[in-house]
There are 2 protein chains.
Amino acid sequence: MRTAAAADELTDTSLRKQVYDSLRAALTSGRFAPGQKLTFRFVAKALGVSLTPVREAVRRLVAEGAFEMQPNRSVRIPLMTKAKVLELRDIRVAVEGLAVGNAAKVASRAQIANLRRIAREIVAVRKRGDSVADREKISEFHFALYTIADQPTLLRVIEGLWLQTGPYMNLLFPDYIASAAGPARRLRIIQALQARDSVAARREIENDVHGTLSYVAGLADEAGNIVPALPSAAGSRRSKGKANAALELRPKRLDLK
Amino acid sequence: MRTAAAADELTDTSLRKQVYDSLRAALTSGRFAPGQKLTFRFVAKALGVSLTPVREAVRRLVAEGAFEMQPNRSVRIPLMTKAKVLELRDIRVAVEGLAVGNAAKVASRAQIANLRRIAREIVAVRKRGDSVADREKISEFHFALYTIADQPTLLRVIEGLWLQTGPYMNLLFPDYIASAAGPARRLRIIQALQARDSVAARREIENDVHGTLSYVAGLADEAGNIVPALPSAAGSRRSKGKANAALELRPKRLDLK
DNA sequence: AATGCATTTTTGTGATCACAAATTTCGAGA
DNA sequence: TCTCGAAATTTGTGATCACAAAAATGCATT
C-alpha cells in the first residue's frame, strides 16, 4: 500500500519540510535541553529562513507532541517525567506489538534478509563504540521491521511516539545497551518472522520496548523528572543574557541563503 | 495530570485554532466529500480570514492524517478504503482497549456517575431519532471514558484516529445503530469500571470498536472503496465551473470580519 | 469531433510588515 | 538589598505581497 501521503514525503522539497527535518533531527539526537525555550525568530535565524516556514514546521511538531506550546506563548522542549515515560511505554508496547505481529504474517524473504543485514551492522557498530551510529541503526532496524506490516497509519502513530521518546534514548548508553541482550533478541525476532510465528514475534518486541522504557523510567529522580545526558552539559545554567546562542542548531540539509 | 498542552487547548483563541476547529467539525460531521479538493484560498474566503491561519490549520490536519497533501500541491479529503478501515480498526482496538483497561483501575465515583448520565442521554436522543446529536453523544461517552485513564498522550493518539474515522461514522445510521446492543454494552462497561474489572472493561470496548469498524469495512464496494452518505448528495458530479461554491463551510464559532 | 500547444488563471510558498501581548530591563523608593 | 512598577524590548499572530509552478482555458490544426 503506497499512500499519497507517503509519496508526498519524498517529493516535498519545501523549506517547511527542511526546517521540520532539521528540528526533528536536532530533537532526536538530543541537541535540545528539556525545558529549553525556542522562539520562531531564533530558529529562523539559525536556519537562515523567514518566519513562515519555521512557524509551520514548529506547529506541526507541537501537534505531534515533540514541542510544547505554553498557554502564554512560547515553545518549549517538553520535560520528561516518569509517568510520561511509563505512559509512552504502554502505548508503544501496544502499537509496536501490533505492527510486528502483523509483520510476521506477511514478511517476505527479502525483507527478512534486510533485517538480518541491519542486525549485523548493529553488532559491527557496537564494537566500535559509536553510540550515535548505534542509535541510528537501532532505529533503522525497528522501522524496517514495522514497515513490513504495510500499515501506513500505524507507522505514522509509531513515528509520533518515537519522536517523543527520541531525546531520551541517549540514556540507554552505555549501561543498558551493554547489559541488554539486544543482538540475541533481534535474532529471535527474525527467526519468528521466518517461522511466520506472529505471537512469538510480538512477544519479543513487546519485551524489548517494555524493558527499554522501564529502564529509562527507573532513571527518574525523586521528583519524577528525567534528565537526558546532553552533548554539552551546559544545560542547567541559564543565568545571563544571550547564553542562548550556545545552543547551535546545525542546518544540516539546509544550506540556502 | 494536567499537561501544559491540555491547558493550552482551552485558552487558545487564535484564528488558527478557530479555523482548525471549524475544519475539524466540518470533517467529522461529514460535510466534505471524499476526494474533494480544498484550496487555502477557498477556506480562507469561506471563513473570512487570511491565508496565514488557514495554512497552519490545514497543515496540522494534514499531519494528523485528516487531510491528504498530494505530491503536486493540493489538499484533498482522503478516500477511505476497506484496508484502511481495517487498519484503523486494529489500531483503535489496541489503544482504546489500553485506555479503558487503565480507566477501570482508577475511575472515581463521580466519573462513573458522569458516564451513566451520558449513557442515559444517548438513550433519550436515540428515541428522538436525531442522528447528529446521537453521534455527538456517543463521542462524548467514549472520550469521557478515555479521559478517566488520565493519559494525555494516549488521548491524543486516540483523537487522531477518531479524526480519520469520523467522516464515515454516518454510515452506522440507521441500520447498525438499531441492530447493535449499544446501550447494554455501555451499561456493562460502566459496571466493569465500578467493579474495577480492568479485563472486562477492556474486552467490552474492544468488542465495541471491532464490531463498529468491521461493519463499516463491510460496506465497501467491489473495488474496496467506501463512500459515506453525504448531507447533500451532489458529490459525484463536478462537471462545470464554479460548482465548488456549493460546498459550504459554515463558520460556526468563526464570525469575525 | 478530437488532439496538441500556447496563454491565462489559479494556487501553494516564502518573505515582509504591522500590531498587540508578553517578557525583560531598569531605576525609584523603602 | 529587596520590591514594585513603568518603559523598552522581544515575540507570536495575522495580513499582504511577489513569485513560480501547476491547472485550466482557449484556439488552431488535423
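Fair warning: this is a prediction, and the values are worked out from it, not measured in the lab. Below, chain A is the first sequence line, B the second, and so on; all start at residue 1.
Side chain of P53(B), nearest nucleotide from dT13(C), dA15(D), dT16(C): dA15(D). Ranking dA15(D), dT13(C), dT24(C) by closeness to the L51(B) side chain, first place goes to dT13(C). Relative to the side chain of K37(B), the nucleotides dA15(C), dA24(D), dT13(D) differ in distance, and dA24(D) lies closest. Taking the side chain of R41(B) as heavy atoms from C-beta on, and the options dA15(C), dT13(D), dA18(D), the nearest nucleotide is dA18(D). Among the nucleotides dG14(C), dT11(C), dG14(D), the one closest to any side-chain atom of T39(B) is dT11(C). Picking from dA18(C), dG12(C), dG14(D) the nucleotide with the shortest atom distance to the side chain of L15(B) gives dG14(D).
With respect to R156(A) and E159(A), no salt bridge is recorded, no charged nitrogen being found less than 4.0 Å from a carboxylate O. Using a 4.0 Å cut-off between a side-chain N of Lys or Arg and a carboxylate O of Asp or Glu, R60(B) and E64(B) qualify as a salt bridge. Salt-bridge annotation for R59(A) and E56(A): absent, with no side-chain N of the basic residue lying under 4.0 Å from a carboxylate O of the acidic one.
Summarising the geometry, the separation between CD on E56(A) and C1' on dG14(D) is reported as 13 Å, rounded to the nearest angstrom. Going from atom CZ of R76(A) over to atom P of dA22(C) covers 16 Å, rounded to whole Å. Between the CZ atom of F42(A) and the P atom of dT23(C) there is a distance of 19 Å, given to the nearest Å. Spacing between atom CZ of F40(A) and atom P of dA22(C) amounts to 16 Å, rounded to whole angstrom units. To the nearest angstrom, P of dT11(D) lies 13 Å from CE of M69(A). Computed from coordinates, the Q18(B) CD to dG14(D) C1' distance equals 12 Å when rounded to whole Å. Whole-Å rounding puts the F67(B) CZ to dT11(C) C1' distance at 17 Å. Rounded to whole angstrom, the span from the CD atom of Q70(A) across to the P atom of dA22(C) amounts to 14 Å.
In terms of position on DNA chain C, the residue among S50(A) and S74(A) whose nearest nucleotide sits closer to the 5' end is S50(A).
Formation of a donor-acceptor pair under 3.5 Å by the E87(B) side chain with backbone atoms of T153(A) is found in this model.
For the OP1/OP2 pair of dG12(C) and a distance below 4.0 Å, the side-chain nitrogens and oxygens of R59(B) include no atom meeting the criterion. For the OP1/OP2 pair of dG14(D) and a distance below 4.0 Å, the side-chain nitrogens and oxygens of T52(B) include no atom meeting the criterion.
Residue contacts for R16(A): at a heavy-atom cut-off of 4.0 Å it reaches the sugar-phosphate backbone alone, with no base atom in range.
Between R89(A) and S214(A) there is a side-chain heavy-atom pair separated by less than 4.5 Å.
You'll find a donor-acceptor pair under 3.5 Å spanning the side chain of R55(A) and the base of dG14(D), going by distance alone.
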